[in-house]
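When a residue number appears, it is its place in the shown sequence, counting from 1. FYI, side chains are in, hydrogens and waters are out, and symmetry mates aren't considered; it's all heavy atoms of this structure.
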Amino acid sequence: MPPLYVVQQNSKLRLNNRRVQVEQETDEGIQVLAQIPIGQVSEIILFGNVGLTTPLMDALLYEGIPVIFLTRDGDYRGILSGGLTPHVPLRRAQYRALEKPSFSLEMAKGFVRAKLRHQRTLLQRQNRPPKQDASLSEVIERMEHAIDEVQRKTSLSSLRGLEGSATAAYFSGLRQLFNPEWKFDARLRRPPPDPVNVLLSLGYTLLAQDCVAAVQAVGLDPYAGFLHEVAYNRPALGLDLLEEFRPLVDGVVLWICHSGKICPQQFTPGPPERPVVLDDQGKRDFIKAFEERMDSRFTHPLAQQQLTMRQCLIEQARQIAHRILEDRPGYDDMGFR
C-alpha cells in the first residue's frame with residue numbers, strides 16, 4: 001500500500017465513512033481534494049500547515065497507521081504512532097549487542113561499506129564510455145580505496161572519519177553531473193542553499209521515514225543504532241539502514257533535474273532559515289518520482305525474490321534482526337549494479 005502525501009497548505013483530513021478525506025475550505029464552500037479507503041493507506045505524510053480531526057487520529061492509531069509531520073520544506077518534525085511492536089526478546093538482544101563495542105563496530109562497517117559501494121556504483125553508471133571523465137574516474141578510484149579501508153578500521157570514530165572523507169569525495173564527483181544552472185557546489189543541509197541540496201534533503205527525509213518504519217516493522221528499536229550515536233529523539237538505527245539507500249535518492253534527483261521534470265525556475269528565494277524554496281508543483285513532481293523509484297523492483301540477494309524497494313528495506317531490517325539474535329555482527333548490502 002502506498003503512503004498518502006498531503007502538500008496542499010491549509011487543507012484538513014477527516015474520517016468519512018471509513019475513508020480518509022482530504023478537504024479544503026474555499027469561498028464556494030468545502031472542496032474535497034481526495035478520498036482514500038483507510039485500509040489502502042500505509043502511512044500519512046503531512047507537509048506544513050495541514051490538520052486532521054480527532055476521530056481520524058483515533059482510527060489511524062487503531063489501525064496502526066502512522067502520521068508523519070514534516071515542515072512545508074520537508075524537514076522532519078514528529079510522528080503520531082501507536083508505539084512499538086511486542087518483540088521484547090529481540091529488543092533486549094539489540095540492547096545487549098549495543099553494549100559490545102566489537103559487535104557495534106562490525107555492524108557499522110557493514111553499513112558504511114554498503115553506502116560507499118552504492119555511491120561508487122552510481123558514479124560508475126554516469127561515467128561509462130563515451131562520456132568517461134578523467135576527474136570522475138579519479139573520484140571513483142578514491143571511493144574504491146575507501147571501501148578497501150573500511151575493514152581495517154578498529155574504532156567507530158576512525159570509521160566515521162573515513163565515511164566523512166569518502167562522502168565528501170563522492171559529492172565532489174556528483175556535482176560534476178549537474179549543469180552550472182543548478183548551482184550545486186557541495187552537499188550542504190542546514191539550511192540547503194541551492195535547488196539540488198533542497199531536493200536531496202527532501203528525498204533523504206522521505207526515505208528516512210521508510211527506514212524507521214522498516215526497523216519498527218521487524219520489531220527493532222529504531223532509536224538504538226550502531227553507526228549513528230544514540231541521542232534523544234534521533235532514530236539512530238533507522239539512519240543506519242538509510243545509509244545504503246541514500247544513492248537511490250541521489251539517482252532520483254539526477255533524473256528529475258536532467259529530465260526537465262523540475263527546472264531551476266521553480267525555486268525561489270526564501271527567508272534565512274530556508275533560503276531556497278521549491279514550489280508545490282515541484283514538490284508533487286518530486287514525490288511522484290520518489291514513489292515510482294520505491295515501487296521499482298529488485299531481486300533481493302538474501303530473499304532471492306523480486307521485491308519493491310520498500311519491501312527491500314524491510315528485508316534488510318530483517319537481516320539486522322537475524323544478525324542480532326544470532327550474535328553474528330555484519331551487514332550484507334543489496335549489491336546494486
A.B. asks: So does R328 have more than 12 non-hydrogen atoms from other groups sitting under 6.0 Å from CZ?
C.D. replies: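 Buried by this count: over 12 neighbours within 6.0 Å.
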A.B. asks: To the nearest 0.5 Å, tell me how far I68 CD1 sits from E43 CD.
C.D. replies: 4.0 Å
A.B. asks: Using only atom types and a distance under 3.5 Å, with no angle test, would you say the side chain of D210 pairs donor to acceptor with the backbone of R310?
C.D. replies: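 Pair absent, no side-chain N/O of D210 close to backbone of R310.
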A.B. asks: Which distance, rounded to the nearest 0.5 Å, do you find between the CD of Q124 and the OG1 of T121?
C.D. replies: 5.5 Å
A.B. asks: Would you call R113-D333 a salt bridge at under 4.0 Å N-O?
C.D. replies: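 No.
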A.B. asks: Can you tell me if N16 uses its side chain to pair, donor with acceptor, with the backbone of R19 under 3.5 Å?
C.D. replies: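 No, N16 side chain to R19 backbone: no donor-acceptor pair under 3.5 Å.
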A.B. asks: Hey, any chance V139 and F178 share a hydrophobic cluster, counting ILVMFWY side chains that come within less than 4.5 Å of each other, even indirectly?
C.D. replies: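 Hydrophobic grouping puts V139 with F178.
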A.B. asks: Between E163 and R160, does any side-chain N to carboxylate O distance fall below 4.0 Å?
C.D. replies: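 A salt bridge is absent here (no side-chain N lies under 4.0 Å from a carboxylate O).
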A.B. asks: If I take atom CG from residue N197 and atom NZ from residue K183, how far apart are they, to the nearest 0.5 angstrom?
C.D. replies: 13.5 Å
A.B. asks: Between L123 and G173, which heavy-atom pair has the shortest distance, and what is it?
C.D. replies: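 Scanning both residues completely, I find the closest heavy atoms to be CD2-C, 4.2 Å.
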A.B. asks: For the backbone of M143 and the side chain of R120, can you confirm whether one donor and one acceptor N or O come within less than 3.5 Å of each other?
C.D. replies: no
A.B. asks: Assess the side chains of R284 and Q8: does a donor N or O sit below 3.5 Å from an acceptor N or O?
C.D. replies: yes
A.B. asks: Could you please spell out the steps behind the side-chain hydrogen bond (donor to acceptor under 3.5 Å, both in side chains) verdict for Y331 and E106?
C.D. replies: CA-CA 8 Å; Y331 181 80; E106 289 306 311; over 6 Å; no
A.B. asks: Are the side chains of T53 and L13 in contact, using a 4.5 Å heavy-atom criterion?
C.D. replies: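 They are not in contact (no side-chain heavy atoms under 4.5 Å apart), so the answer is no.
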A.B. asks: Is there a salt bridge (charged side-chain N to carboxylate O under 4.0 Å, His left out) between R18 and E63? Walk through the geometry before answering.
C.D. replies: CA-CA 11 Å; R18 297 289 298 163; E63 297 288 342; 2.9 Å; yes
A.B. asks: Donor-acceptor check, side chain of R187 to backbone of F171, threshold 3.5 angstrom: yes or no?
C.D. replies: no
A.B. asks: Specify the closest pair of heavy atoms between L200 and F184, including all atoms of both residues, with the distance to one decimal.
C.D. replies: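 Answer, listing the atom of L200 first, then F184: CD1-CZ, 4.1 Å.
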A.B. asks: To the nearest 0.5 Å, what is the distance between CG on D185 and CZ on R175?
C.D. replies: 6.5 Å
A.B. asks: Among V252, L207, V249, which residue satisfies the side chain to side chain contact (heavy atoms under 4.5 Å, CB included) criterion with R293?
C.D. replies: V252
A.B. asks: Do Q31 and Q24 meet the criterion of a side-chain donor-acceptor pair at a distance under 3.5 Å?
C.D. replies: no
A.B. asks: Do I38 and M57 belong to the same hydrophobic cluster, where Ile, Leu, Val, Met, Phe, Trp and Tyr are linked whenever their side-chain heavy atoms lie under 4.5 Å apart, directly or via other members?
C.D. replies: yes
A.B. asks: Between the main-chain N or O of D133 and the side-chain N or O of N127, is there a donor-acceptor pair closer than 3.5 Å?
C.D. replies: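 Yes; judged by distance alone, with no hydrogens or angles, the pair exists.
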A.B. asks: Go through H300 and Q316 one step at a time and tell me if the side-chain hydrogen bond (donor to acceptor under 3.5 Å, both in side chains) criterion holds.
C.D. replies: CA-CA 9 Å; H300 189 273; Q316 291 297 78; 2.9 Å; yes
A.B. asks: Do E99 and R96 pass the salt bridge (charged side-chain N to carboxylate O under 4.0 Å, His left out) test, and can you show the C-alpha distance, the side-chain angles, and the key distance before you say yes or no?
C.D. replies: CA-CA 5 Å; E99 297 301 317; R96 285 197 298 270; over 6 Å; no
A.B. asks: Identify which one of L116, I140, D250 satisfies the side chain to side chain contact (heavy atoms under 4.5 Å, CB included) criterion when paired with Y170.
C.D. replies: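 The side chain to side chain contact (heavy atoms under 4.5 Å, CB included) with Y170 is passed solely by D250 among L116, I140, D250.
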A.B. asks: If only atom types and distance count, is the side chain of S201 paired as donor or acceptor with the main-chain N or O of V198 below 3.5 Å?
C.D. replies: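 No.
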A.B. asks: Would you find a donor on one side and an acceptor on the other, under 3.5 Å apart, between the side chain of H118 and the backbone of E243?
C.D. replies: no
A.B. asks: Say you draw a straight line from CH2 of W255 to CZ of F290; how long is it, rounded to the nearest 0.5 Å?
C.D. replies: 14.0 Å
A.B. asks: Which residue, I287, L46, V50, forms the side chain to side chain contact (heavy atoms under 4.5 Å, CB included) with V7?
C.D. replies: I287
A.B. asks: Is there a side-chain contact (heavy atoms from CB on, under 4.5 Å) between M294 and M309? Walk through the geometry before answering.
C.D. replies: CA-CA 5 Å; M294 294 305 289; M309 282 299 167; 4.2 Å; yes
A.B. asks: Quick one: does D240's side chain have a donor or acceptor within less than 3.5 Å of a partner on G225's backbone?
C.D. replies: no
A.B. asks: Mark yes or no: R234 above the aromatic ring of Y223, with NZ or CZ under 6.0 Å from the six-membered ring centre and no more than 45 degrees from the axis.
C.D. replies: no
A.B. asks: Over all heavy atoms of both residues, which pair between L220 and A317 is shortest? Give the atoms and the distance, please.
C.D. replies: CD1-O, 3.7 Å
A.B. asks: Output yes when R152 and E149 qualify as a salt bridge under the 4.0 Å nitrogen-oxygen rule, no when they do not.
C.D. replies: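 Between E149 and R152 there is a salt bridge, with a charged N closer than 4.0 Å to a carboxylate O.
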A.B. asks: Got a sec: does the CD of Q9 have more than 12 other heavy atoms crowding it under 6.0 Å?
C.D. replies: yes
A.B. asks: Check step by step if side-chain contact (heavy atoms from CB on, under 4.5 Å) holds for L254 and Q126.
C.D. replies: CA-CA 10 Å; L254 266 175; Q126 302 293 325; 4.1 Å; yes
A.B. asks: Under the side-chain contact (heavy atoms from CB on, under 4.5 Å) criterion, do E141 and H145 qualify, and how do the steps go?
C.D. replies: CA-CA 6 Å; E141 285 183 19; H145 177 70; over 6 Å; no
A.B. asks: State, to 0.1 Å, how close P192 and P275 come at their nearest heavy-atom pair, and which atoms those are.
C.D. replies: O-CG, 3.8 Å
A.B. asks: Does T167 reach the main-chain N or O of G164 with its side chain, forming a donor-acceptor pair under 3.5 Å?
C.D. replies: no
A.B. asks: For G238 and C211, which heavy atoms make the closest approach, and how far apart are they?
C.D. replies: O-CB, 3.3 Å
A.B. asks: Between the side chains of E326 and R323, is the shortest nitrogen-to-carboxylate-oxygen separation below 4.0 Å, so that they form an ion pair?
C.D. replies: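 No, R323 and E326 are not salt-bridged.
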A.B. asks: Determine whether L313 and I320 fall in the same hydrophobic cluster, where Ile, Leu, Val, Met, Phe, Trp and Tyr are linked whenever their side-chain heavy atoms lie under 4.5 Å apart.
C.D. replies: yes
A.B. asks: Examine L33 and V20 and state if one hydrophobic cluster contains both, with Ile, Leu, Val, Met, Phe, Trp and Tyr joined whenever side-chain heavy atoms are less than 4.5 Å apart.
C.D. replies: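 Result: yes, single cluster for both.
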A.B. asks: I'd like to know if the side chain of E138 and the backbone of A134 have a donor-acceptor N/O pair within less than 3.5 Å.
C.D. replies: no
A.B. asks: Compute whether any side-chain donor of one residue and acceptor of the other, for R142 and S137, lie under 3.5 angstrom apart.
C.D. replies: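 No, S137 and R142 have no side-chain donor paired with an acceptor closer than 3.5 Å.
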A.B. asks: Quick check: are there more than 12 heavy atoms from other residues, nucleotides or ligands sitting under 6.0 Å from CZ of R297?
C.D. replies: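 Count over threshold, so yes.
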A.B. asks: Can you tell me if CD on Q35 sees more than 12 non-hydrogen neighbours from other groups inside 6.0 Å?
C.D. replies: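 Enclosed: over 12 neighbouring heavy atoms sit under 6.0 Å from CD of Q35.
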A.B. asks: Might you work through the side-chain hydrogen bond (donor to acceptor under 3.5 Å, both in side chains) test for S11 and E23, ending with a clear yes or no?
C.D. replies: CA-CA 6 Å; S11 57; E23 61 185 35; over 6 Å; no
A.B. asks: Is it the case that atom NZ in K261 sees more than 12 heavy atoms from other parts of the structure closer than 6.0 Å?
C.D. replies: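 Counting neighbours around NZ of K261, 12 or fewer heavy atoms of other residues, nucleotides or ligands fall under 6.0 Å, so no.
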A.B. asks: Assess the residue pair L177 and L136 against the criterion (side-chain contact (heavy atoms from CB on, under 4.5 Å)); give the C-alpha distance rounded to whole Å, side-chain angles, the decisive distance to 0.1 Å, and a yes or no.
C.D. replies: CA-CA 9 Å; L177 304 176; L136 204 52; 3.9 Å; yes
A.B. asks: How many angstroms lie between atom CG of L105 and atom CZ of F226, to the nearest 0.5 angstrom?
C.D. replies: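 Nearest 0.5 Å value for the CG-CZ distance: 12.0 Å.
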A.B. asks: Do V41 and V6 sit in the same hydrophobic cluster, where Ile, Leu, Val, Met, Phe, Trp and Tyr count as joined when their side-chain heavy atoms come under 4.5 Å apart?
C.D. replies: yes
